[in-house]
Protein chains: 2
Amino acid sequence: MSIANEPRTRLPATAWAVLGLLSFGRELSGYDLKKWADSSLRFFYWSPAISQIYGELRRLEGLGYAETRTASQDELRNKRLYRITPAGRDALIDWLADAPYEPPMLKHGLLLRVWLGHLADPDRLREAIDEHIAHTESMLGELRSAREIAETSPEWAYPALVERWGERYYTSEQILATGLRDDLDAMESGD
Amino acid sequence: MSIANEPRTRLPATAWAVLGLLSFGRELSGYDLKKWADSSLRFFYWSPAISQIYGELRRLEGLGYAETRTASQDELRNKRLYRITPAGRDALIDWLADAPYEPPMLKHGLLLRVWLGHLADPDRLREAIDEHIAHTESMLGELRSAREIAETSPEWAYPALVERWGERYYTSEQILATGLRDDLDAMESGD
DNA sequence: GGGAGCATGTAACGGGTTACATGATTGG
DNA sequence: CCAATCATGTAACCCGTTACATGCTCCC
């Protein structure tokens, strides 16, 4: 923890997420970061657009939280590799310690539609629920393979923890969705 | 369903949510809408800022989807009451029928922090998890009372359905969070 | 009298997406 | 050779929030 708590510019969570990706110690390009976000952050947070990642990287560099390697150009010359700096690490540690709890934000379009069920075609509603179950299924598949990779090394212990949480989360999403469909059926036949 | 599918300006989901609030047939002010959103939409979607609601209402009015009563001023003169129009109803029905499935968006700050556990203080992490459980508990309380109200009239059948879903969702959030805490404990003692 | 809640709005700002533009490399 | 993927970036745009401004009413 840095003792001098300068009037650090308050960064959006996205910036911390990107810096967090770098905090595992590897040198990565914006492109790499995007792919990785797609296969990790996406499941419980969200994956920023690639253009935004490039923007955040430049901001982080400006703050001295990340740097691009200048010395000894190697492999692909058109690839710009970022690495976290000690200052960046410190800032991230401070953020993790200080950031106040914020309730998760959920925007569940499916539920919005059910909520407006008095104006919807019941079959279309069921269709949407099924689509959602299918989507969740594929998320589960991706999560499972992500976890298999993460569990190969203790370095990924915390990500693996989160992936285990994710598998439970999406499993429960499925149960919830089938419950919703059942309730819908019951309501329409019963009433 | 309107047969003439004019090149309807694509509206953001927020606009449909606001129009949806009006679709239950009552005349409401922006202020009313905000309070209602806070106690319903918030649990599975999100509650727009009041300033945005005012903005959306003006847009909906411009599109002919909502109107403000001009005739016979009554009660409070400084209150502007909106009502859905038949065109607005039709547009909403079309949206419900046509809008493609979109996966729910989840931004779970707590999980982002756990994901970065290698840089976090384990006790601070547990603290955050507990805060989350407490928050969820209060959501559950609010949901339960919302459902009690909704179940008084068949008019609220679909909202009641969604509230039942919500209770299950937040209950499962709690289970998931305690599971996460247990995994965290196990990891730190076991390894 | 004064604070809490009711009620409506504007302006500035930033966050984030989409679309566009460009070009290198790899593999079928 | 052509498509897919790798790779980086800019510009326009809009969504949504915060902060600000105003004023009324109710009740302690």
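We name chains A, B, ... by the order of the sequence lines, and we start the count at 1 in each one.
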Item to complete: Identify, between B/K107 and B/Y31, the residue whose nearest nucleotide on DNA chain C lies closer to the 5' end.
Response: B/Y31

Worksheet item: Side chains of B/Q174 and B/H132: do they bring a donor and an acceptor to under 3.5 Å?
Response: no

Below 4.0 angstrom from OP1 or OP2 of [N], is there any side-chain N or O of [X]?
| X | N | value |
| --- | --- | --- |
| B/Q52 | D/dC15 | no |
| A/R58 | D/dT10 | yes |
| B/S29 | C/dT8 | yes |
| A/W46 | C/dT17 | yes |
| A/Y54 | D/dG9 | no |

Discussion item. Tell me which one of B/W46, B/F43, B/Y45, B/W165 satisfies ring-ring contact (aromatic ring centres under 6.0 Å, His included) with A/H108.
Written reply: B/W165

Between [N] ([atom2]) and [X] ([atom1]): distance, integer Å:
| X | N | atom1 | atom2 | result |
| --- | --- | --- | --- | --- |
| A/W36 | D/dC6 | CH2 | P | 17 Å |
| B/K34 | C/dC6 | NZ | P | 13 Å |
| A/L81 | D/dC6 | CG | C1' | 13 Å |
| A/Y45 | C/dG15 | OH | C1' | 12 Å |
| B/R80 | C/dT10 | CZ | P | 10 Å |
| A/R10 | D/dT18 | CZ | P | 15 Å |
| B/I53 | C/dA7 | CD1 | P | 14 Å |
| B/L57 | C/dA7 | CG | P | 14 Å |

Nearest to the side chain of [X], heavy atoms from C-beta on, is which of [options]?
| X | options | result |
| --- | --- | --- |
| B/R59 | D/dC15, C/dC6, D/dT8 | D/dC15 |
| A/P48 | D/dT17, C/dG15, C/dT17 | C/dT17 |
| B/D32 | C/dT8, C/dA7, D/dT8 | C/dA7 |

Worksheet item: Do B/L11 and B/L63 have side chains that get closer than 4.5 Å, going by heavy atoms?
Response: yes

Response to the item:
To the nearest 0.5 Å, atom CD of A/Q52 lies from atom CG of A/L57 at 10.5 Å

Discussion item. Considering every strand and a 4.0 Å limit on heavy-atom distances, what is the contact class for B/S51: base, sugar-phosphate, or nothing?
Written reply: base

Worksheet entry | Qualifying residue, where the test is salt bridge (charged side-chain N to carboxylate O under 4.0 Å, His left out) with A/R80 and the options are A/E61, A/E27, A/E67 | A/E61

